[in-house]
Amino acid sequence: MENMEPVIGLEIHAQLKTKTKLFCSCPTEFGAPPNTNICEICTGQPGALPRMNARALELAAKAGLALGSRVNEFSLFSRKNYFYPDLPNGFQTSQLDPPICEGGSLAIALEDGSRKTIRLNRIHLEDDAGKCLHDARLGATLVDLNRAGTPLIEIVTEPDLNSSKEAVDFLKSLHSLLVRLEVTDGRMEEGEFRCDVNISLRPKGSDKLGVRGEIKNLNSFRFVGQAVEYEIRRQSALYRDNLPVRQETLHFDSVKGETRSLRSKEEAHDYRYFPQPDLPPVYVSPELVERLRESLPESREDALSRLSALGVYEGRAELLLDRPGALAYFDKAYGVYPDASRIFSLMEEHLLPLCWRDSRDPLSAPFGPEKLATLARLMEEGLAGRRSVKELFPEMYQTGSDPEALLKAKGLEQISDDEAILAIAREVVKSHPEEAAKYRAGQDKILSFLVGKLMKLSRGRADPKKASGIIRDLILHDEAEKS
Ligand code: ADP
Ligand code: MG
Ligand code: ZN
């Protein structure tokens with residue numbers, strides 16, 4: 001409906017990059033045989049006492065600092081009580097009030113190039129539940145507690161997003177930031193980054209919130225986009241038909257592309273939060289905050305404006321920030337040979353597509369930044385042409401071979417020596433006297449035909465920029481000699 005606008009708020013869960021769980025020393029590794037990474041604490045045995053993982057606290061505070069949140073010196077763990085077979089304690093250990101971080105924001109780029117700030121409400125620490133596995137063969141549901149007690153942060157936004165695209169862009173940007181900060185590995189297929197999407201509609205221009213649906217546990221950007229679109233259509237139809245929109249919790253069926261109701265507000269859990277008596281308050285010292293602040297990598301905004309000052313256009317430079325390693329690779333290569341746009345194009349056209357294909361951090365590619373810098377220099381000096389680079393790059397990438405040596409070995413060094421190009425040009429003019437005469441007579445367009453012949457004769461190795469000037473001068477100079 002054109003007179004309504006969507007309002008969206010997100011609750012994002014990110015698994016913290018720790019070796020061990022939040023309150024015990026069991027490993028957080030993924031994919032271990034069921035119920036092998038468990039102990040009396042993470043399986044909720046009576047009398048077992050939790051102890052806070054210091055690394056988890058640092059990562060949560062680091063995320064907050066990078067997002068401009070206030071980090072509370074003291075925050076509290078609470079018990080969020082509910083019953084589920086994969087929740088052995090009978091409660092989740094979470095933070096209600098105060099959480100470790102409050103406020104903050106993250107900006108997204110809008111279609112028209114401007115930026116929109118999405119405010120954050122809070123970031124809190126909590127532990128994950130185990131998993132129920134429905135085994136059709138046994139006709140039974142089994143419980144795997146390996147994931148129980150894994151540390152998470154939950155990031156809660158204000159309802160500042162207004163379309164599926166904004167929601168997806170926000171999530172992508174948040175994901176890339178948290179991965180770059182090494183707060184999370186962010187592997188979405190393993191559920192390390194997932195979110196609940198709250199969505200309502202309201203008349204355009206209104207500042208009241210409509211009744212919302214909450215879609216649980218989406219773990220792909222595409223599903224978020226599809227679920228929001230579906231929910232907008234579903235709620236619009238209700239408003240159009242004057243039917244009530246109920247506040248409810250929904251599940252997104254990615255096969256059907258539909259949301260389905262799990263429970264309504266009346267059936268909502270009453271978690272009876274109360275302070276977790278087994279844990280002391282979480283303390284983040286001012287010294288720790290200082291140390292974490294200093295450890296933060298360059299912000300996205302700072303990196304983009306630095307790159308744009310180097311001549312890498314903002315729209316394209318994002319490429320270096322979207323996945324880990326790319327910006328560091330660029331910086332290293334640029335440090336060796338300071339031609340930002342050439343290094344960027346080599347990365348954009350050749351290196352990064354291959355790295356993404358292989359899910360590889362560019363820094364770990366056999367073709368390291370020094371070699372890319374050499375290649376950029378060879379191009380600048382006219383010793384490597386675009387065509388040979390295109391032909392040889394996959395091999396350089398695979399083997400990490402030295403570009404200069406490889407070009408030589410393949411006989412693909414670019415010919416940029418004027419005399420050598422002139423010699424080839426002479427051949428061309430000799431074998432195409434009519435075309436040369438036509439050019440002399442003022443048929444300008446025929447020059448590109450002659451340059452093409454020259455390139456062919458050089459097997460694509462002549463520097464094309466020089467070639468056209470040299471053959472033109474040759475033909476016109478001949479003219480002068482004759483007259
Ligand atoms: P709860 O914890 O019950 O899910 P919160 O008040 O903590 O509810 O809000 C959770 C998320 O839902 C936040 O991101 C918030 O911005 C968003 N939200 C709350 N009300 C609405 C609404 N009417 N429409 C869209 N988003 C909403
Ligand atoms: Mg919620
Ligand atoms: Zn344990």
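Reckoned from all heavy atoms, side chains included, excluding hydrogens, waters and symmetry mates.
Take Y230 and apply the ring pair (Phe, Tyr, Trp, His ring centres under 6.0 Å) test, not counting sequence neighbours, and it matches no residue. S305 meets the side chain to side chain contact (heavy atoms under 4.5 Å, CB included) test with no other residue; sequence neighbours excluded. For D97, there are no side chain to side chain donor-acceptor pair (under 3.5 Å) partners, not counting sequence neighbours. Remark: R194 pairs with D128, N217 by the side chain to side chain donor-acceptor pair (under 3.5 Å) rule, at least two apart or across chains. When the side chain to side chain contact (heavy atoms under 4.5 Å, CB included) test is applied to D160, the partners found at least two apart in sequence or on another chain are I118, R119, E158. A search for side chain to side chain donor-acceptor pair (under 3.5 Å) contacts involving E258 returns nothing, not counting sequence neighbours. A search for side chain to side chain contact (heavy atoms under 4.5 Å, CB included) contacts involving N89 returns F91, not counting sequence neighbours. When the side chain to side chain contact (heavy atoms under 4.5 Å, CB included) test is applied to P369, the partners found at least two apart in sequence or on another chain are Y329, K332, A333.
Each salt bridge (Lys or Arg N to Asp or Glu O under 4.0 Å) pair with one or both residues in residues 228-239, not counting sequence neighbours, appears once here: E231-R234, R234-E248. For the salt bridge (Lys or Arg N to Asp or Glu O under 4.0 Å) condition, the pairs that include at least one residue of residues 39-65, sequence neighbours left out, are R55-E58, E58-R291. Within the structure, every pair that satisfies the ring-ring contact (aromatic ring centres under 6.0 Å, His included) test and touches residues 14-70, not counting sequence neighbours, is listed here: F23-F77. Applying the salt bridge (Lys or Arg N to Asp or Glu O under 4.0 Å) definition to pairs two or more places apart or across chains, those involving residues 104-113 are E111-K165.
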